[in-house]
Amino acid sequence: MTLRPTGDAEPPAFHILNDGAPARALLICDHASNALPRGYGSLGIAEEKMFEHIAWDVGAAAVTRRLSELLDAPAILAGLSRLFVDLNRYSDDPTCIASFSDGTVVHGNENLGDNERAHRLAAHQQYHDEVARRIAAMSRPEPPVLLFIHSFTPRIGGTQRPWHLGVLHDGQSAESRRLVDVLRADPEIAVGDNQPYSVDDPKSYSIYEHAIDAGRPYIALEIRQDLIETEEAADRWAVIIARAFREALAPNRAFPEQTAA
């Protein structure tokens, strides 16, 4: 499903899928949407730019939706474009409300007043309050494994990115190490270990706030966008990822046992 940047109804700060599912894991997709509230148009940029990576993580929502089904896990997906407010950035990071992104000047984000910034950051807070609330509700007796789903461009500048998938971590995540090993067992998959970037560059608010700083188990996965641009392609990679998650997280007993179809 492709989301439009504007519409008749105000987009919510988040969407919840598979609420109450039995998995001891929570899927989190910070850049799932390219939607904007009414009255914002396309933030002064060409409308087609709202369907590119500067506005959302292409394919990430489709993969997350399918993973939610395959893993029988709840998911929370952002409802607003990262150009409105980037939910995976700290509020004092200039790219939290970016006025320039990958060669594009975002005129609608220039010279914002205090009230407008506060309005955008309120959506940021609302989303993260909901993530925290759901983690707390699932943390009896132990916290769930947090599975962050993102996607990355196949090239940046003139540099090609060869990885199919990247696993981002702080070096202390046993779950991430196991996933890297599981994925690398398949010679057909090019796996980046803290590639094409890490949780520190740029610093990932969601991962630090809900996982690293809180000492919770997590995996942060990046998928190359040209591999998941269609629903069919996203579904194929979701199946691959679901199998890898199940194997890597078997010691955590994160997922219910699979039953025969």
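Since the structure is predicted, the reported quantities are computational estimates derived from the model, not experimental observations.
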Would you find more than 12 non-hydrogen atoms of other residues, nucleotides or ligands less than 6.0 Å from [X] atom [atom1]?
{"X": "R184", "atom1": "CZ", "answer": "yes"}
{"X": "E232", "atom1": "CD", "answer": "no"}
{"X": "R216", "atom1": "CZ", "answer": "yes"}

Regarding [X] and [Y], do their side chains bring together a donor and an acceptor under 3.5 Å, going by distance alone?
{"X": "D170", "Y": "Y218", "answer": "yes"}
{"X": "T153", "Y": "R161", "answer": "yes"}
{"X": "E110", "Y": "S99", "answer": "no"}
{"X": "R178", "Y": "N252", "answer": "yes"}

Once you round to the nearest 0.5 Å, how far does [atom1] of [X] lie from [atom2] of [Y]?
{"X": "S204", "Y": "L87", "atom1": "OG", "atom2": "CG", "value": "12.5 Å"}
{"X": "I241", "Y": "H164", "atom1": "CD1", "atom2": "NE2", "value": "12.0 Å"}
{"X": "I76", "Y": "H210", "atom1": "CD1", "atom2": "NE2", "value": "8.0 Å"}
{"X": "F51", "Y": "S42", "atom1": "CZ", "atom2": "OG", "value": "9.5 Å"}

R65 and E69: CA distance, side-chain angles, deciding distance, salt bridge (charged side-chain N to carboxylate O under 4.0 Å, His left out) verdict: CA-CA 7 Å; R65 287 194 298 270; E69 297 172 354; over 6 Å; no
Steps toward salt bridge (charged side-chain N to carboxylate O under 4.0 Å, His left out) verdict (R82, D57): CA-CA 9 Å; R82 66 188 303 171; D57 276 3; 3.0 Å; yes
Test ring pair (Phe, Tyr, Trp, His ring centres under 6.0 Å) applied to H124 - qualifying residues, sequence neighbours left out: H128, Y205
Residues forming a ring pair (Phe, Tyr, Trp, His ring centres under 6.0 Å) with H53, sequence neighbours excluded: none
Contact list for residues 138-163, test ring pair (Phe, Tyr, Trp, His ring centres under 6.0 Å), sequence neighbours left out: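 Every pair satisfying ring pair (Phe, Tyr, Trp, His ring centres under 6.0 Å) with a residue in residues 138-163: H31-H150.
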Residue pairs passing the ring pair (Phe, Tyr, Trp, His ring centres under 6.0 Å) test where at least one lies in residues 98-118, sequence neighbours excluded: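 Sorted pair list comes back empty.
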Those residues that, when tested against R177, pass side chain to side chain contact (heavy atoms under 4.5 Å, CB included) (two or more places apart): A174
Criterion side-chain hydrogen bond (donor to acceptor under 3.5 Å, both in side chains) on D200 and S198, from CA distance to verdict: CA-CA 5 Å; D200 293 310; S198 73; 4.5 Å; no
Test log, rule side-chain hydrogen bond (donor to acceptor under 3.5 Å, both in side chains), inputs S206 and D30: CA-CA 8 Å; S206 287; D30 295 330; 2.8 Å; yes
Mutual orientation of the aromatic rings belonging to F84 and H119 [parallel < 30°, tilted 30-60°, perpendicular > 60°]: perpendicular
Candidate pair E116 and R120, rule salt bridge (charged side-chain N to carboxylate O under 4.0 Å, His left out), full reasoning: CA-CA 6 Å; E116 178 61 21; R120 308 272 192 105; 2.7 Å; yes
Partner set under side-chain hydrogen bond (donor to acceptor under 3.5 Å, both in side chains) for H169, not counting sequence neighbours: D193
Salt bridge (charged side-chain N to carboxylate O under 4.0 Å, His left out) between R246 and E257, intermediate numbers included: CA-CA 9 Å; R246 283 187 177 275; E257 293 296 321; over 6 Å; no
Cationic N near anionic O, under 4.0 Å, E247 to R243: no
Note: E229-R224 ion pair, threshold 4.0 Å (strictly below):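 Answer for the salt bridge query: no.
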